[in-house]
Amino acid sequence: MGARALPVGSLHTLMTKVGLGDAEDHMVVVSVTLFVTLLCACIVMGHLMEEFQWISESVTAIILGFCTGIVVLVTSKGASSHVLQFDEELFFIYLLPPIIFNAGFQVKKKQFFRNFVAIMLYGVIGVFISFAIITAGSRFMFPKFGLDKLVIGDYLALGTIFSATDSVCVLQVLSQDESPLLYSLVFGEGVVNDATSVVLFRAVQKLAFKDFTGMEVLRICGSFLQLFFSSTVLGIAIGLLSAYIIKTLYLARHSTDREIALMTIMAYLSYILAELFYLSGILTVFFCGIVMSHYTWHNVTESSRVTTKHGFATMSFIAETFIFLYVGMDALDVDKWRMVQLNAGQSFGLFATTLMLILVGRAAFVFPLSALSNYMRKSSDTKISFRQQIVIWWAGLMRGAVSIALAFNQFTSAGDAKSPEYATAITTTIGIVLFTLMVFGTATKPLMRWVLPPTSRSDYDYTTSEPNTPKVFAFDAGFRAPLLGPDAQAGSPLGPPRRSSLAMLLAAPTNFIHDAWRAFDDAYMRPVFGGRGFVPYNSDILTNAEDDAAYPFHSPFRPSF
């Protein structure tokens, strides 16, 4: 399990001569040392290239990995382009959890749930539409390019592999303050899309396709729904359990290290338990992150909040950089390229066809589902304009780490391709990932400037963002009026009226759900699990007066000590 060193021919011989490679175990140390050095180089280069915003850190990591792969390939005289062999378990067990958890932990929940309907349309329904188009298109077109030995399960796997987006690159270009609606939609869809793709991939793998009929389609949908809801419930349960334990025991009375450690370990426990019960760890840890940021994070001391906020973000950043470094190095894996039996024309046709299917599959749901979402949005200020739809379509064209990991899981065994057809599928996936990240990723900034002029990016006032979350740690009094609503601003003690009729529900479903949830949360959840406004008494951290000033919207159910 995990990554292991490769005995890369003359590279190992050279290191043995200089006394650095006298044992295979030492080669593992050398390999890890190389990757740690490359991680440091990526951080430094990312800082130096910060002003070139159209070149993201993910693209920088890919380029550095590619250059390193060339050096290793030359040094080893063509034996290998990397010194670590990728194992999909390394990705799913160690690298993916911090990335997805941090996505849920840092998400601005108010914006996420304000656009929840559109995000779920893009991230769930959209994945199924893209999955169907890519699967059908590859089943029809791939045999024409010499790839005729794949079975129906492989084509379904390809549908999920190329439906998984990677919005990390484009999010480094989008500004959350300049275009909050666009950022929320791209970020939310990216996370839900990855979770849906992995869940759908697992559901596809569980099915037998000897006699594939319409009932199998229903079984896929049923298996997907079961995995989706079970994984979500497990993540919410563990997040609430962590909040209850920390609120009840108040571990920081003796050591803030304990509450930080408990948050970290329980977050990872949610992922491991999901994998143990054959659920979706990615979905479980994402919702665990949302719940922890809503309850657990507000139950710990201020120093623990700062530590966890930056600690989780740092772990996610390192995992993402490591993945992109390896993708750059793996592009030169000569073993896989040697196994490919297609000529240059067939390989290019396969690549172009896959890219076209991705473009069509993306467009097939972004524009229709955006129209549906706009129909449900009665306020013209929150509707998704056609220009914004173009950016959303473009942002979802990039493929990244999840696609690579799923492809390795389906088409390799211990890092090696199972057949020439599988080697072709791997190399095509790598080519698509590199092309979309390098070309679409670097073109995002110019596209934003052309499609969305600065005057059209501020969809609605960014001050409606939820205060005092891990993503927005600072709080300003200017947030008060937008959060309380127009009635509260006018001096009404009751706030906005409740929506109770079916007509009002259909007119503004997200606002109705939000109002109902806030009432339920304040009345039942926060008294038990804590949350914003709950800070245990500790004279060394905050006084009650300081707490009231820092959290003016806290729940009235403050526990007494």
Side-chain angles (χ1 to χ4, degrees), residues 86-88 91 127-164 196-217 219-221 223-224 327 330-331 333-362 364 399-400 402-436:
F86 185 87
D87 191 328
E88 66 274 5
F91 176 82
V127 168
F128 275 88
I129 295 175
S130 177
F131 163 74
I133 291 176
I134 295 176
T135 299
S138 60
R139 177 67 182 86
F140 177 74
M141 295 297 298
F142 280 18
K144 300 180 182 298
F145 298 103
L147 208 64
D148 53 0
K149 294 184 179 180
L150 298 179
V151 297
I152 184 62
D154 296 327
Y155 289 114
L156 290 170
L158 287 172
T160 59
I161 290 169
F162 292 119
S163 296
T196 304
S197 298
V198 174
V199 172
L200 183 59
F201 181 81
R202 298 280 177 84
V204 167
Q205 283 190 321
K206 291 182 178 180
L207 299 179
F209 300 99
K210 293 181 179 180
D211 299 316
F212 189 76
T213 61
M215 290 301 297
E216 294 296 327
V217 177
R219 290 184 58 189
I220 291 178
C221 295
S223 179
F224 169 81
V327 169
D330 199 63
D333 188 357
V334 293
D335 291 334
K336 295 184 180 65
W337 288 102
R338 287 169 180 168
M339 289 184 64
V340 176
Q341 297 179 350
L342 305 183
N343 57 42
Q346 290 174 321
S347 298
F348 178 79
L350 194 65
F351 171 84
T353 299
T354 304
L355 187 61
M356 183 58 63
L357 289 173
I358 292 174
L359 294 170
V360 174
R362 179 80 182 164
R399 300 297 180 261
V402 174
S403 296
I404 291 288
L406 295 181
F408 270 85
N409 184 279
Q410 176 71 20
F411 299 113
T412 67
S413 177
D416 299 324
K418 303 174 184 178
S419 67
E421 290 75 22
Y422 283 7
T424 303
I426 290 290
T427 55
T428 301
T429 303
I430 294 174
I432 290 292
V433 169
L434 290 176
F435 181 85
T436 55

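Taking all atoms of both residues into account, the shortest heavy-atom contact from Ala407 to Ile426 is O-CD1, 3.4 Å. Residues Val204 and Gly153 share a closest heavy-atom pair of CG1-O, 4.3 Å. The nearest pair of heavy atoms linking Ala164 to Arg399 is O-CD, 2.8 Å. The minimum heavy-atom distance linking Ile133 with Ala364 is given by the pair CD1-CB, 3.3 Å. Phe145 approaches Met141 most closely through the heavy-atom pair CD1-O, 3.3 Å. Across Leu342 and Ser347, no two heavy atoms sit closer than the pair CB-OG, 3.7 Å.
Counting heavy atoms from C-beta on, the side chains of Phe162 and Phe131 never come closer than 4.5 Å. Proximity of Ile134 to Ser163: side-chain heavy atoms (C-beta onward) are separated by under 4.5 Å at one or more points. Phe411 places none of its side-chain heavy atoms less than 4.5 Å from the side chain of Thr429. Contact annotation: the side chain of Val433 approaches that of Val327 to within less than 4.5 Å [non-hydrogen atoms, C-beta and beyond].
Taken to the nearest 0.5 Å, the OG1 atom of Thr160 stands 11.0 Å off from the CZ atom of Arg202. Asn409 contributes atom CG, which lies 13.0 Å from atom CD1 of Ile404 (distance to the nearest 0.5 angstrom). The OG1 atom of Thr353 lies 6.5 Å from the CG atom of Leu357; values are rounded to the nearest 0.5 Å. For the atom pair Ile161 CD1 and Tyr155 OH, the distance stands at 13.0 Å (nearest 0.5 Å). Put simply, OG on Ser403 and CD1 on Ile430 are 11.5 Å apart, with the number rounded to the nearest 0.5 Å. How far CG of Leu158 is from OG1 of Thr428: 8.5 Å, rounded to the nearest 0.5 Å.
By the side-chain contact (heavy atoms from CB on, under 4.5 Å) test, Ala136 pairs with no residue at all, sequence neighbours left out. Applying the side-chain contact (heavy atoms from CB on, under 4.5 Å) criterion to Ala157, with sequence neighbours excluded, gives Phe201, Gln410. Evaluation of the side-chain contact (heavy atoms from CB on, under 4.5 Å) rule for Lys149 yields Glu421 as partners, not counting sequence neighbours.
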Exercise for the section: Kindly determine whether Asp148 and Phe142 satisfy side chain to side chain contact (heavy atoms under 4.5 Å, CB included), including the steps that lead there. Expected result: CA-CA 7 Å; Asp148 53 0; Phe142 280 18; over 6 Å; no
Practice task
Let me see the working for Leu355 and Thr436 under side chain to side chain contact (heavy atoms under 4.5 Å, CB included), right down to the final yes or no.
Solution key: CA-CA 9 Å; Leu355 187 61; Thr436 55; 4.2 Å; yes
Handout entry: Worked verdict on Tyr422 versus Leu150 for side chain to side chain contact (heavy atoms under 4.5 Å, CB included)
Key = CA-CA 8 Å; Tyr422 283 7; Leu150 298 179; 3.7 Å; yes
Handout entry: From CA spacing to verdict: side chain to side chain contact (heavy atoms under 4.5 Å, CB included), Val402, Leu406
Key = CA-CA 6 Å; Val402 174; Leu406 295 181; 4.0 Å; yes
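Without hydrogens or angle criteria, Ser130 side chain to Val127 main chain gives no donor-acceptor distance under 3.5 Å.
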